[in-house]
Chemist: 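Submitted below is the structure of interest, expressed as structure tokens.
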Amino acid sequence: MSASQGLTDNRLIEMTAGLRASGATRIAPYLTAGDGGLDRTLELLRAVEESGAACVELGVPFSDPIADGPTLQEAAARALAAGTTLDGIERTVRAFRDGGGTVPILAFSYLNPLMSGGSAGALGRRLASLRQAGFDGVLIPDLPLEEAPVLSALAENHGLCATLFCAPTTTDERLARAAEATRGFLYVVGRTGVTGANTAVSHTSSAYLERVRKFSGDTPLGVGFGIRTAEQVAAVGEHAELAIVGSALVAAIHEAGSGGGGDATARAVERARTFMASLVL
């Protein structure tokens with residue numbers, strides 16, 4: 001991963017470079033924006049930052065989330081049913097920044113919501129708007145590597161990292177290309193298939209992560225898909241700078257915030273805090 005002049009003051013770049021230099025590993029939680037309402041999302045952002053999140057992946061709900069398993073599909077459906085929009089998500093992040101929030105935030109979005117308006121001009125305007133709202137990067141799971149240079153350059157022009165993916169099926173040559181083109185970190189999909197919390201770390205994961213490190217050089221790595229325990233975080237930490245926790249956290253928050261009685265958002269926020277704490281040995 002080469003340096004970029006357009007990202008010299010980017011929070012994500014600074015954070016991951018620091019982790020790479022120190023050899024530390026931290027937690028990167030995923031939250032579905034609007035699941036439970038955007039007011040709850042704002043409180044959850046504050047809670048995970050206070051709980052030590054290195055960065056936050058904020059999922060933009062979409063009606064056809066091809067990489068997501070049932071938990072995140074259901075969270076996206078709830079968010080869309082609640083009327084969540086990308087403009088509303090931007091207002092939420094802006095409120096978080098206005099309140100003093102500093103943790104790096106990436107928009108985890110399929111390409112379609114970012115392309116609303118149907119043109120490259122619309123995409124550029126959206127990326128500029130994300131940056132102005134306080135985002136630091138974008139993660140686009142349906143962006144082919146061949147298309148990444150154009151979007152990456154556009155994102156960097158607006159001060160955003162375009163963070164790319166690799167998977168166990170990625171060839172060595174493509175892995176090296178992705179590691180060179182990504183910004184912030186390389187998202188290492190820990191297994192094949194869709195997202196979900198019901199898969200243990202594979203016995204082949206260590207060899208796979210060693211291969212990723214070999215072909216990615218000094219690029220910071222974030223490993224996700226299936227992580228839900230402190231033991232898994234520790235195992236990931238032998239190879240990567242970020243342990244990405246998504247489906248298990250989203251499910252725990254939803255369960256705590258569902259049902260009647262009391263303050264549902266307060267319960268959801270407290271569950272987020274305890275879940276984050278449980279990931280540290």
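We count residues from 1, following the sequence as given.
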Chemist: Do M115 and V150 sit in one hydrophobic cluster, given that two such residues count as connected whenever their side-chain heavy atoms are within less than 4.5 Å of each other, even indirectly?
Modeler: no
Chemist: Under the rule for salt bridge (Lys or Arg N to Asp or Glu O under 4.0 Å), what residues qualify as partners of D35, not counting sequence neighbours?
Modeler: R78
Chemist: With a 3.5 Å distance limit and no angle check, can you tell me whether E57 reaches the backbone of A28 through a side-chain donor-acceptor pair?
Modeler: no
Chemist: Find out if a path of hydrophobic residues (ILVMFWY) with successive side-chain heavy-atom gaps under 4.5 Å connects L80 to I253.
Modeler: no
Chemist: Under the side-chain contact (heavy atoms from CB on, under 4.5 Å) rule, what do V223 and Y208 come out as? Steps first, then yes or no, please.
Modeler: CA-CA 11 Å; V223 177; Y208 163 50; over 6 Å; no
Chemist: Is S51 reaching over with its side chain to a backbone N or O of A47, donor-acceptor style, under 3.5 angstrom?
Modeler: yes
Chemist: Once ring-ring contact (aromatic ring centres under 6.0 Å, His included) is applied, do any residues pair with Y110, and if so which ones, sequence neighbours excluded?
Modeler: F62
Chemist: Quick one: does R183's side chain have a donor or acceptor within less than 3.5 Å of a partner on A181's backbone?
Modeler: yes
Chemist: Taking side chain as C-beta onward, heavy atoms only, is L12 less than 4.5 Å from T163?
Modeler: yes
Chemist: What pairs of residues pass the salt bridge (Lys or Arg N to Asp or Glu O under 4.0 Å) test when at least one of them lies in residues 24-33, not counting sequence neighbours?
Modeler: none
Chemist: For D39, check salt bridge (Lys or Arg N to Asp or Glu O under 4.0 Å) against everything at least two apart and list the hits.
Modeler: none
Chemist: Do other residues, nucleotides or ligands put more than 12 heavy atoms under 6.0 Å from the CD atom of E14?
Modeler: yes
Chemist: Tell me, with the steps shown, if T170 and L145 meet side-chain contact (heavy atoms from CB on, under 4.5 Å).
Modeler: CA-CA 11 Å; T170 303; L145 179 59; over 6 Å; no
Chemist: Got a sec, which pairs hit side chain to side chain donor-acceptor pair (under 3.5 Å) with one end in residues 137-152, sequence neighbours left out?
Modeler: E146-R174
Chemist: Of all residues at least two apart in sequence or in a different chain, which pass the side chain to side chain donor-acceptor pair (under 3.5 Å) check with T85?
Modeler: none
Chemist: What residues, two or more places apart in sequence or in another chain, satisfy side chain to side chain donor-acceptor pair (under 3.5 Å) together with R97?
Modeler: D136
Chemist: Going from CZ on R94 to OG on S129, what distance comes out if it is rounded to the nearest 0.5 angstrom?
Modeler: 6.5 Å
Chemist: Any side-chain heavy atom of Y187 within less than 4.5 Å of one from L242?
Modeler: no
Chemist: When you look at L123 and L151, which way does the side-chain contact (heavy atoms from CB on, under 4.5 Å) test go after all the steps?
Modeler: CA-CA 9 Å; L123 177 59; L151 187 137; 3.9 Å; yes
Chemist: Give the minimum heavy-atom separation between A128 and H158, together with the two atoms involved.
Modeler: CB-ND1, 3.5 Å
Chemist: Which pairs of donor and acceptor atoms, one on a side chain in residues 273-281, lie under 3.5 Å apart (sequence neighbours left out)?
Modeler:
| from | atom 1 | to | atom 2 | distance (Å) |
| --- | --- | --- | --- | --- |
| R273 | NH1 | E50 | OE1 | 2.9 |
| R273 | NH2 | E50 | OE1 | 2.8 |
| T274 | OG1 | E270 | O | 3.4 |
| T274 | OG1 | R271 | O | 3.0 |
| T274 | OG1 | R271 | NH1 | 3.1 |
| S278 | OG | F275 | O | 2.6 |

Chemist: What closest approach, in Å, do A272 and L44 show between heavy atoms, and which atom pair accounts for it?
Modeler: CB-CD2, 3.8 Å
Chemist: Of all residues at least two apart in sequence or in a different chain, which pass the salt bridge (Lys or Arg N to Asp or Glu O under 4.0 Å) check with E241?
Modeler: R20, R213
Chemist: Would you call L221 and V212 a side-chain contact if the rule is heavy atoms closer than 4.5 Å?
Modeler: yes
Chemist: Just so I know, are the side chains of F96 and T41 near enough to count as touching, which here means a heavy-atom distance under 4.5 Å?
Modeler: no
Chemist: Got V138 and L143 here, is their nearest side-chain heavy-atom distance under 4.5 Å?
Modeler: no
Chemist: Measure from the side-chain N and O atoms of T16 to the backbone N and O of P220, and report whether any donor-acceptor pair falls under 3.5 Å.
Modeler: no
Chemist: Can you name the residues that form a side chain to side chain donor-acceptor pair (under 3.5 Å) with R211, not counting sequence neighbours?
Modeler: D172
Chemist: Please determine whether salt bridge (charged side-chain N to carboxylate O under 4.0 Å, His left out) holds for the pair E210 and K214, giving the CA-CA distance in whole Å, both sets of side-chain angles, and the decisive distance to 0.1 Å.
Modeler: CA-CA 6 Å; E210 288 175 3; K214 176 181 177 181; over 6 Å; no
Chemist: Rounded to the nearest 0.5 Å, how far apart are CD1 of I105 and SG of C55?
Modeler: 9.5 Å
Chemist: Taking all non-hydrogen atoms of both residues, which atom of T71 and which atom of S247 are closest, and how far apart?
Modeler: CG2-O, 3.5 Å
Chemist: Any donor-acceptor pair under 3.5 Å linking the side chain of T32 with the backbone of A76?
Modeler: no
Chemist: What distance do C161 atom SG and L106 atom CG have between them, rounded to the nearest 0.5 Å?
Modeler: 7.0 Å
Chemist: Which residue pairs pass the ring pair (Phe, Tyr, Trp, His ring centres under 6.0 Å) test when at least one of the two sits in residues 14-37, sequence neighbours left out?
Modeler: Y30-F108
Chemist: Side chains of L154 and L160, heavy atoms from C-beta outward: is any pair under 4.5 Å?
Modeler: no
Chemist: If every non-hydrogen atom of A33 is compared with every non-hydrogen atom of A79, which pair is closest and at what distance?
Modeler: O-CB, 3.3 Å
Chemist: Find out whether D87 and R91 are in side-chain contact, i.e. whether some heavy atom of one side chain is under 4.5 Å from a heavy atom of the other.
Modeler: yes
Chemist: Distance from R125 atom CZ to L114 atom CG, nearest 0.5 Å?
Modeler: 13.0 Å
Chemist: Can you measure from CD (E156) to CZ (R131) and round to the nearest 0.5 angstrom?
Modeler: 12.0 Å
Chemist: If you look at every heavy atom in A248 and I227, which pair is closest and at what distance?
Modeler: CB-O, 4.3 Å
Chemist: Measuring from L249:CG to I244:CD1, what's the distance to the nearest 0.5 Å?
Modeler: 13.0 Å
Chemist: Considering only heavy atoms from C-beta outward, does the side chain of T92 approach that of L58 to under 4.5 Å?
Modeler: no
Chemist: Considering residues at least two apart in sequence or located in another chain, which fulfil the salt bridge (Lys or Arg N to Asp or Glu O under 4.0 Å) criterion with E90?
Modeler: R126
Chemist: R46 and A95: which non-hydrogen atoms are nearest, and at how many Å?
Modeler: NH2-O, 4.4 Å
Chemist: Any side-chain to backbone donor/acceptor pair from T265 onto R40? Under 3.5 Å, distance only.
Modeler: no
